[in-house]
Amino acid sequence: MARDLILETTFLIDLEREAQRGDEGPAMTLLERESLSNLFITFTVAGELAAGTSLQERHAWNEFIAPFRVLPSNAEVCWQYGKMFRYLQGVGLLIGSNDLWIAATAIANRMPLVMRNAKHFRRVPDLVLVSYR
C-alpha cells in the first residue's frame with residue numbers, strides 16, 4: 001500500500017547498521033514492505049544524521065539522505081511544536097526537543113512516523129506511529 005511516511009532517526013541508524021552488516025533486519029524489511037510508499041525525513045532528522053560520526057563527511061551524508069525528501073519547518077510545524085510542548089510540559093511528560101520537532105513535523109504534515117521508541121512518542125497526542133520492531 002503506497003502512503004507517505006516519515007522516518008525517525010533511530011530507524012535510519014538501524015537501516016545504516018543493517019546495510020553495513022549485509023544483514024536484512026527489521027528496518028530493511030519495513031523498506032521492502034513499504035517499497036511503494038513515499039519516504040520523508042524531517043529537517044531535524046537530517047541535522048541529527050549530519051551530527052553523527054558515521055556520516056560526518058558531506059558526500060556520505062548527501063548520499064545517505066538522497067532517497068528521502070526532507071520536510072522543512074514552517075509556521076504549522078512551529079505551532080504544533082508549541083502546542084505539544086505546552087501540553088506535555090503541563091502533564092509532566094515532556095520529551096526531548098529534537099523528538100518534539102520530529103513529532104510536530106509529522107502532525108503538521110499529517111504523516112505517520114516510523115520509529116522504534118513507541119513508548120516515548122506515544123506521549124504525543126494525535127501522532128500516528130508505525131513501529132518496525
Side-chain angles (χ1 to χ4, degrees):
M1 171 175 100
R3 57 185 172 164
D4 294 340
L5 296 170
I6 296 177
L7 306 175
E8 199 264 333
T9 312
T10 53
F11 173 86
L12 294 166
I13 291 168
D14 288 347
L15 181 64
E16 180 185 25
R17 288 177 179 158
E18 289 173 18
Q20 287 173 347
R21 289 190 310 260
D23 168 28
E24 187 170 316
M28 284 190 183
T29 300
L30 180 122
L31 280 187
E32 288 174 10
R33 188 173 68 238
E34 298 288 344
S35 64
L36 299 177
S37 294
N38 301 307
L39 304 176
F40 298 83
I41 60 175
T42 69
F43 67 96
T44 315
V45 169
E48 287 178 334
L49 292 171
T53 57
S54 67
L55 298 174
Q56 65 186 347
E57 299 297 327
R58 180 69 184 256
H59 70 279
W61 177 78
N62 282 337
E63 188 175 305
F64 189 79
I65 69 166
F68 315 111
R69 282 194 39 212
V70 179
L71 295 167
S73 180
N74 59 34
E76 183 61 20
V77 170
C78 293
W79 176 252
Q80 291 298 330
Y81 177 93
K83 180 180 166 184
M84 286 185 295
F85 184 95
R86 287 188 308 274
Y87 169 77
L88 293 172
Q89 186 179 49
V91 296
L93 296 173
L94 197 57
I95 63 175
S97 179
N98 282 356
D99 288 342
L100 200 51
W101 280 114
I102 294 165
T105 306
I107 290 171
N109 287 281
R110 295 179 177 90
M111 292 183 193
L113 178 65
V114 176
M115 52 70 244
R116 176 172 15 116
N117 188 358
K119 180 181 177 187
H120 182 73
F121 281 106
R122 260 194 212 115
R123 298 175 186 179
V124 180
D126 303 322
L127 181 60
V128 177
L129 301 173
V130 175
S131 182
Y132 64 97
R133 287 203 155 190

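With a 6.0 Å radius and a threshold of 12 heavy atoms from other residues, nucleotides or ligands, Arg69 has its CZ atom at or below the threshold. Within 6.0 Å of CZ on Arg21 lie more than 12 heavy atoms contributed by other residues, nucleotides or ligands.
Tracing side-chain contacts under 4.5 Å through hydrophobic residues (I, L, V, M, F, W, Y), one never reaches Val128 starting from Val114; they form parts of separate clusters.
Note on ring orientation: taking the six-membered ring where Trp is involved, the planes of Tyr81 and Trp101 are parallel (angle under 30°, cut-offs 30° and 60°).
Counting only heavy atoms from C-beta outward, the side chains of Val130 and Arg3 approach each other to under 4.5 Å. The closest side-chain heavy-atom distance from Glu16 to Leu55 is below 4.5 Å. You'll find the side chain of Tyr132 stays beyond 4.5 Å of the side chain of Thr29, heavy atoms only.
For Ser131, the side-chain hydrogen bond (donor to acceptor under 3.5 Å, both in side chains) criterion is met by no residue, not counting sequence neighbours. In terms of the side-chain hydrogen bond (donor to acceptor under 3.5 Å, both in side chains) criterion, Glu63 has no residue partners (sequence neighbours excluded). Every residue two or more places apart in sequence or in another chain that forms a side-chain hydrogen bond (donor to acceptor under 3.5 Å, both in side chains) with Glu48 is listed here: Thr9, Asn98.
None of Glu32, Arg33, Met28 except one satisfies the side-chain contact (heavy atoms from CB on, under 4.5 Å) rule with Leu30; the exception is Arg33.
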Could you give me the CA-CA distance, side-chain angles and deciding distance for Phe68 and Val45, then say whether side chain to side chain contact (heavy atoms under 4.5 Å, CB included) is met? CA-CA 11 Å; Phe68 315 111; Val45 169; over 6 Å; no

Could you go through Arg17 and Asp23, starting from their C-alpha distance and side-chain angles, then the distance that decides it, and tell me whether this counts as side chain to side chain contact (heavy atoms under 4.5 Å, CB included)? CA-CA 8 Å; Arg17 288 177 179 158; Asp23 168 28; over 6 Å; no

